[in-house]
Each structure stands twice: as structure tokens, then as C-alpha cells.
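Contents: one structure, followed by commentary.
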Amino acid sequence: QVQLVESGGGWVQAGGSLRLSCAAASGRTFSDYAMAWFRRAPGKEREFVASISYSGGRTYYAASVKGRFTISRDNAKKQVYLQMNNLKPEDTAVYYCAAALDFGLSANYNYWGQGTQVTVPS
């Protein structure tokens, strides 16, 4: 079991940057979990944004954010981050942090945070 709490969302003009954070609390070692960010835009399905392996050595990104977003983690602090640069109106969504015991594009994310809103007005 792991509890996840996101922070760092907000309102930012197009072209701006935000950094999301996700703090984890778990009885297991944080590095046992692969971590990911997902998002859900108004009226749309939840979609994958980025994921990172247990030690941070491997990452995956959605095509729509590659080159603009960077996922990272600090296992000592039990935190995962999403640095978002050159934000666009289509990035407006609720962003969720998720954890899984496996890693890869088919990973089973069983643990979710409550989400943090990111708004980029057009």
C-alpha cells in the first residue's frame, strides 16, 4: 500500500513552466515502485504522460509531451516530479501521480493520488 499526494498545480500562461511533485508514504521502500504521471482533460479519458523506473534510469513519455516534460524521482525523499516546460492550452488537465510494482508501458498502476489541476488558458 502506498499513499500519494500531488502538489504544484496551478494556472500558467502558454509557454510557461510548472513543476509538479508527488510525495509518497508507504510501508515498502519507495524504490520498489515504478512511478508515473497521468492526466485527464475535461471531457476526455485519462491518458498516460510519463513514467520512470525504480532507480530512475529509464523513462517513457507520451509523444505529446516528449521534449517538453521531464519526469524524475528522488528515492531518498520519496518524491517524484514532473517538470513541464513550454506549456500549451492542450496540457490543461488534472494530473495524477501513480505507482506500480512493475515497470513498462503495460505496467499496472494500482495506487493513485487525488490529482492536481493544471490550467493553461488559450
Quick check: is [Y] connected to [X] through a chain of hydrophobic side chains (ILVMFWY, heavy atoms under 4.5 Å apart)?
X	Y	result
Tyr96	Tyr111	no
Tyr54	Tyr61	no
Ile71	Leu105	no

Result block: side-chain N/O donor-acceptor pairs under 3.5 angstrom for residues 76-85, not counting sequence neighbours:
from, atom 1, to, atom 2, distance (Å)
Gln83, NE2, Asn85, OD1, 2.9
Asn85, OD1, Ser17, OG, 2.9

*Can you find a heavy atom in the side chain of Phe69 that is under 4.5 Å from one in the side chain of Leu87?*
yes

Closest non-hydrogen contact found for Pro89 with Pro121 is CG-O, 4.0 Å

Heavy atoms of Ala34 and Asp102 approach each other most closely as CB-O, 3.3 Å

Just verifying a value: how many Å separate [X] [atom1] and [Y] [atom2], rounded to the nearest 0.5 Å?
X	Y	atom1	atom2	result
Thr59	Arg73	OG1	CZ	12.0 Å
Thr119	Leu18	OG1	CG	9.5 Å
Ser122	Lys88	OG	NZ	14.0 Å

Examine distances only and state if a side-chain atom of [X] and a backbone atom of [Y] form a donor-acceptor pair shorter than 3.5 Å.
X	Y	result
Thr92	Val120	yes
Tyr60	Phe103	no
Tyr109	Trp37	no
Glu6	Gly115	yes
Asn108	Leu101	no

Do any side-chain atoms of residues 42-53 form donor-acceptor pairs under 3.5 angstrom with protein atoms, and if so which ones, sequence neighbours left out?
from, atom 1, to, atom 2, distance (Å)
Glu47, OE2, Arg39, NE, 2.6
Glu47, OE2, Arg39, NH2, 3.1
Ser53, OG, Gly57, N, 3.2
Ser53, OG, Arg58, N, 3.0
Ser53, OG, Arg58, O, 3.4

Throw together a table of side-chain donor-acceptor distances under 3.5 angstrom for residues 24-32, partners on residues two or more places apart or in other chains.
from, atom 1, to, atom 2, distance (Å)
Ser26, OG, Gln1, O, 3.1
Ser26, OG, Arg28, N, 2.9
Ser26, OG, Arg28, O, 3.4
Ser26, OG, Tyr33, OH, 3.4
Arg28, NE, Asp32, OD2, 3.3

